[in-house]
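Because the structure is a prediction, the values reported are computed rather than measured.
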Amino acid sequence: MKEFLSNLNLARVIILASLGGAVFLAWTGLQAHGELSDLREALDYQAAKVVNDIQQAALRHTELTRSVEGDGLARVGSPQSYIRKCKDHRLVQVGDVDVKERTVENLSAKGIVDSVYTIIPADKKRPFTTSTIASFMYRLEADSRQIKVTDLSIEQIGRRTKPSEIPPDEWTFQAAITSRQKKE
């Protein structure tokens, strides 16, 4: 060892330092390579799962957005405005209606409130055909997932007919629609 140290010059010191540095770099390179391999394996497994979860969440978001945008009640804002919009639809045209609101606590589910809107034509003597009444009820439910027709009564207008006669298609109606929401 004494002989080795006595023959040591700058070139040999640089060679020895380079060998030590090469061994250290090889050791840290192997560790980094092992860590990189582990991360690549985790990436291959988890990235596919995360991408799939993101795609599913995006599809669900799109579906919910379309349902809200497509809901007539959500677009209009208030149920009374929604009812008035439906009554003026080109296939309905029932004219002015009186809308009365009442709130009913839902006994079957806690924290749920039913808002019931009673709809009566403003002109009680104005006759409607059964198809017009049906179109109005259909329009109320078709344009909103939040509104359901829960009661409908129709009465014949005009003279009473004999049981053997076919009555004219002239009716008046009273309807109730319900919107169920969480209690605030």
Side-chain angles (χ1 to χ4, degrees), residues 45-184:
Y45 171 73
Q46 291 178 347
K49 184 180 181 309
V50 169
V51 167
N52 188 29
D53 290 347
I54 290 172
Q55 286 177 336
Q56 293 300 323
L59 290 173
R60 181 74 176 140
H61 177 268
T62 302
E63 176 185 313
L64 291 173
T65 301
R66 283 185 185 150
S67 89
V68 167
E69 287 173 353
D71 194 296
L73 178 59
R75 270 185 279 141
V76 173
S78 76
Q80 288 88 350
S81 298
Y82 173 73
I83 293 166
R84 296 191 194 302
K85 179 183 162 269
C86 288
K87 74 167 181 70
D88 292 333
H89 189 272
R90 64 181 180 82
L91 297 175
V92 177
Q93 300 292 324
V94 295
D96 287 337
V97 292
D98 293 329
V99 179
K100 295 177 183 150
E101 178 184 2
R102 63 184 166 95
T103 304
V104 178
E105 186 98 20
N106 191 323
L107 299 176
S108 62
K110 290 187 178 187
I112 302 294
V113 175
D114 291 341
S115 297
V116 180
Y117 301 91
T118 304
I119 304 167
I120 303 168
D123 181 6
K124 308 225 184 307
K125 300 207 184 257
R126 179 179 173 198
F128 300 99
T129 63
T130 52
S131 63
T132 301
I133 296 169
S135 294
F136 182 41
M137 298 303 119
Y138 169 76
R139 187 59 43 207
L140 287 167
E141 282 196 8
D143 288 346
S144 176
R145 294 174 52 194
Q146 300 178 36
I147 297 284
K148 296 296 176 203
V149 176
T150 52
D151 188 30
L152 174 66
S153 62
I154 60 174
E155 291 181 13
Q156 190 175 12
I157 291 182
R159 62 180 178 86
R160 298 285 177 204
T161 58
K162 295 179 184 173
S164 60
E165 294 178 341
I166 297 174
D169 195 18
E170 296 177 342
W171 305 87
T172 188
F173 67 93
Q174 178 177 336
I177 61 171
T178 303
S179 175
R180 181 167 284 177
Q181 297 168 353
K182 286 185 179 180
K183 192 176 193 180
E184 294 179 1

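Contact between I133 and W171 at its shortest, heavy atoms only, is CD1-CB, 3.9 Å.
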Dump the intermediate steps for side-chain contact (heavy atoms from CB on, under 4.5 Å) on L140 and I83, then the final yes or no. CA-CA 7 Å; L140 287 167; I83 293 166; 4.2 Å; yes

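A donor-acceptor pair is defined here as one N or O able to donate and one able to accept, closer than 3.5 Å; such a pair exists between the side chain of E141 and the backbone of V149. Checked by atom type and distance alone, the side chain of R139 never pairs as donor or acceptor with a backbone atom of K85 at under 3.5 Å.
With rounding to the nearest 0.5 Å, the separation of CG in L91 from CZ in F136 is 13.5 Å. Between the CD1 atom in I157 and the CG atom in D169 there is a gap of 11.0 Å [rounded to 0.5 Å]. Note: C86 SG to I119 CD1 = 8.5 Å, rounded to the nearest 0.5 Å. Note: D123 CG to D98 CG = 10.5 Å, rounded to the nearest 0.5 Å. Taken to the nearest 0.5 Å, the CD1 atom of I154 stands 6.5 Å off from the OG1 atom of T130. For the atom pair NZ of K87 and CZ of R84, the computed distance is 7.0 Å after rounding to the nearest 0.5 Å.
Side-chain contact check for T132 versus Q93: every heavy-atom pair is 4.5 Å or farther apart.
Under the salt bridge (charged side-chain N to carboxylate O under 4.0 Å, His left out) criterion, K49 pairs with D53, not counting sequence neighbours. A search for side chain to side chain donor-acceptor pair (under 3.5 Å) contacts involving T172 returns nothing, not counting sequence neighbours.
Taking a 6.0 Å sphere around NZ of K124, one finds it holds more than 12 heavy atoms contributed by other residues, nucleotides or ligands.
Pairs passing the side-chain hydrogen bond (donor to acceptor under 3.5 Å, both in side chains) check and including a residue from residues 148-157, sequence neighbours excluded, read T150-T178.
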